[in-house]
Amino acid sequence: MKSVRVAVVGAGVIGFSTAVCVAEALPFCSVTLLAEKFSPDTTSDGAAGILFAERFPDIPLERQKRWFKDSFNHLLAIAQSQHSAEAGVMLSSGWHIFKEVPADKKPFWSESVIGFRFMTEGELKRFPDHKFGQAFTTIKCECSSYLPWLEKRFRKAGGQVEQRMVKSLHELSNSFDIIVNCSGLGSKTLVGDNKVYPVRGQVLKVKAPWLQHFIRDGDGKTYIYPGIHSVTIGGTRQEGDWRLQVDEGDTKSILVRCSRLEPSLSKANVLGEWVGLRPSRKNPRVEREEVHLQGRRLHVVHNYGHGGWGVTLAWGTALDALGLVRQCLHEMLLQAKL
């Protein structure tokens with residue numbers, strides 16, 4: 001088959017992961033990534049980027065397990081390689097603590113992380129308001145380093161990058177054979193998906209090099225994630241809130257809540273504040289469809305709507321999207337023979 005033209009729309013962690021998977025696995029495809037914004041201006045750039053997951057209600061659990069495991073193993077290999085510092089990928093150990101014992105004491109991803117166990121009574125003494133906790137080692141992936149690293153990897157595989165705003169799939173219908181839609185919240189307008197909505201997240205970056213362990217409180221609204229250059233503390237989870245400006249009330253609330261868990265934070269210098277809109281959906285959309293545009297039958301693969309779990313599931317869903325691109329190619333080959 002002569003070179004098949006593939007467009008990937010979106011330059012966040014889902015877009016670049018998918019573009020790399022397609023470009024590396026299918027060298028006969030010419031892959032172009034198109035986006036209005038690139039790192040450091042994507043939603044992914046501000047993400048704490050620590051690998052955790054929550055269950056989506058309508059996606060088979062085995063598929064969710066695979067997404068998590070594939071992403072974890074991919075990032076673990078980077079964390080254990082010479083690329084770790086440049087890619088911004090590191091191992092991170094710590095505690096997930098709960099005020100009440102959760103219904104699901106052993107989450108579905110517990111077998112993929114390293115050394116998962118329940119916290120001892122002695123460990124829990126440090127958090128007197130909490131009755132239960134999980135201790136384990138996971139991965140932290142800092143997208144401000146990881147996205148430029150993925151872009152280099154994508155270009156090395158022959159991928160091309162174009163900065164432009166794609167307002168509709170019509171614009172791409174004559175230039176490409178397959179479109180992979182990784183536009184996140186942009187899918188609301190790009191493909192008219194009203195099931196995708198923003199969940200506003202605000203975080204602070206603080207200088208606290210003495211902190212070595214992550215702490216995440218129950219529902220994940222309060223967390224402390226030490227990184228390579230700073231500690232990310234948060235956060236907020238405000239559904240349907242489109243505000244991108246920093247809210248001083250949220251900043252104060254984050255500092256108070258996090259200092260309760262880790263009193264030394266009250267002495268930490270705030271390096272910066274950041275707000276992003278998580279592209280949320282009841283379930284992520286990882287599927288393909290055929291659309292008819294300007295008399296052409298076009299194959300579209302969707303991979304978006306991961307909410308706060310984009311970094312966690314990016315590589316796993318990218319591999320799924322690659323499988324869907326392969327299905328499209330198979331059908332195109334059959335059509336060409338008819």
Side-chain angles (χ1 to χ4, degrees), residues 6 8 10 12-26 44 47-81 87 89 91-92 96 102-116 134 136-141 143 146 150 153-154 178 180-182 184 187 195-196 216 220 278-289 299-330:
V6 179
V8 177
V13 70
I14 305 296
F16 262 117
S17 299
T18 307
V20 167
C21 280
V22 174
E24 288 182 351
L26 307 172
S44 300
I50 198 150
L51 267 68
F52 270 102
E54 277 177 14
R55 279 180 74 159
F56 296 107
D58 306 317
I59 290 172
L61 193 56
E62 282 311 308
R63 193 181 190 200
Q64 298 187 54
K65 276 185 178 176
R66 192 175 72 244
W67 286 349
F68 188 94
K69 192 176 178 56
D70 286 346
S71 298
F72 192 90
N73 290 345
H74 158 75
L75 290 170
L76 182 63
I78 296 170
Q80 293 172 337
S81 76
V89 180
L91 288 167
S92 181
H96 189 189
D104 190 6
K105 295 206 285 194
K106 243 188 141 183
F108 73 87
W109 44 264
S110 59
E111 59 215 38
S112 296
V113 297
I114 298 165
F116 182 93
Q134 302 150 341
F136 54 93
T137 298
T138 185
I139 291 166
K140 190 174 191 303
C141 171
C143 284
Y146 183 59
L150 275 183
R153 187 167 156 177
F154 175 60
I178 298 171
V180 186
N181 168 32
C182 303
S187 294
K195 291 178 182 169
V196 66
R216 183 177 196 262
R278 304 175 184 98
S280 297
R281 212 170 174 273
K282 188 180 174 191
N283 301 285
R285 188 179 184 197
V286 187
E287 63 186 25
R288 70 190 181 107
E289 68 171 338
H299 295 271
V300 180
V301 171
H302 299 285
N303 186 10
Y304 67 88
H306 300 62
W309 314 111
V311 177
T312 294
L313 303 175
W315 199 259
T317 58
L319 288 173
D320 260 18
L322 167 62
L324 297 171
V325 169
R326 286 187 199 273
Q327 287 177 24
C328 297
L329 290 167
H330 181 65

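As the structure is a computational prediction, the values presented were derived from the model and not from experiment.
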How far does [atom1] of [X] sit from [atom2] of [Y], to the nearest 0.5 angstrom?
X    : Y    : atom1 : atom2 : value
K65  : D70  : NZ    : CG    : 13.5 Å
C182 : H302 : SG    : NE2   : 10.5 Å
K282 : K195 : NZ    : NZ    : 8.5 Å
F108 : L61  : CZ    : CG    : 6.5 Å
C21  : R153 : SG    : CZ    : 7.5 Å
I50  : C141 : CD1   : SG    : 11.0 Å

What are the two closest heavy atoms between [X] and [Y], and how far apart are they?
X    : Y    : value
A25  : L322 : CB-CD2, 3.7 Å
I139 : L76  : CD1-N, 3.4 Å
G305 : R281 : O-CB, 3.7 Å
Q64  : E54  : OE1-O, 3.9 Å
S187 : N181 : OG-ND2, 3.2 Å

Measure the shortest side-chain to side-chain distance between [X] and [Y] over non-hydrogen atoms and say whether it is less than 4.5 angstrom.
X    : Y    : answer
P284 : F56  : yes
S280 : V196 : no
T138 : W109 : no
V301 : T18  : no
N303 : L324 : no
W309 : F52  : yes
V22  : I178 : no
N283 : P57  : yes

* **R63 bridged to D320 by N-O distance under 4.0 Å** => yes

* Asked: Are the charged groups of E111 and K106 less than 4.0 angstrom apart, N to O?
  -> no

* **Geometric class of the F72/F68 ring pair [parallel <30°, tilted 30-60°, perpendicular >60°]** => parallel

Please check this pair: side chain of [X] against backbone of [Y], looking for a donor-acceptor N/O pair closer than 3.5 Å.
X    : Y    : result
S71  : T312 : yes
S17  : I14  : no
E289 : H299 : no
S44  : G12  : no
K140 : A48  : yes

* To do: Go through the steps to decide whether W315 and V20 satisfy the test side-chain contact (heavy atoms from CB on, under 4.5 Å), and finish with yes or no.
  => CA-CA 10 Å; W315 199 259; V20 167; 3.8 Å; yes

* **Test side-chain contact (heavy atoms from CB on, under 4.5 Å) applied to F116 and T137, step by step** => CA-CA 7 Å; F116 182 93; T137 298; over 6 Å; no

* To do: Apply the test side-chain contact (heavy atoms from CB on, under 4.5 Å) to residues H306 and V13: give CA-CA distance (whole Å), side-chain angles for both, the deciding distance (0.1 Å), then the verdict.
  => CA-CA 11 Å; H306 300 62; V13 70; over 6 Å; no

* Taking the six-membered ring where the residue is Trp, are the ring centres of H96 and F136 under 6.0 Å apart? -> no

* Given the rule in the side-chain contact (heavy atoms from CB on, under 4.5 Å) test, do L75 and L51 qualify, once you have shown the distances and angles that lead to the verdict? -> CA-CA 10 Å; L75 290 170; L51 267 68; 3.7 Å; yes

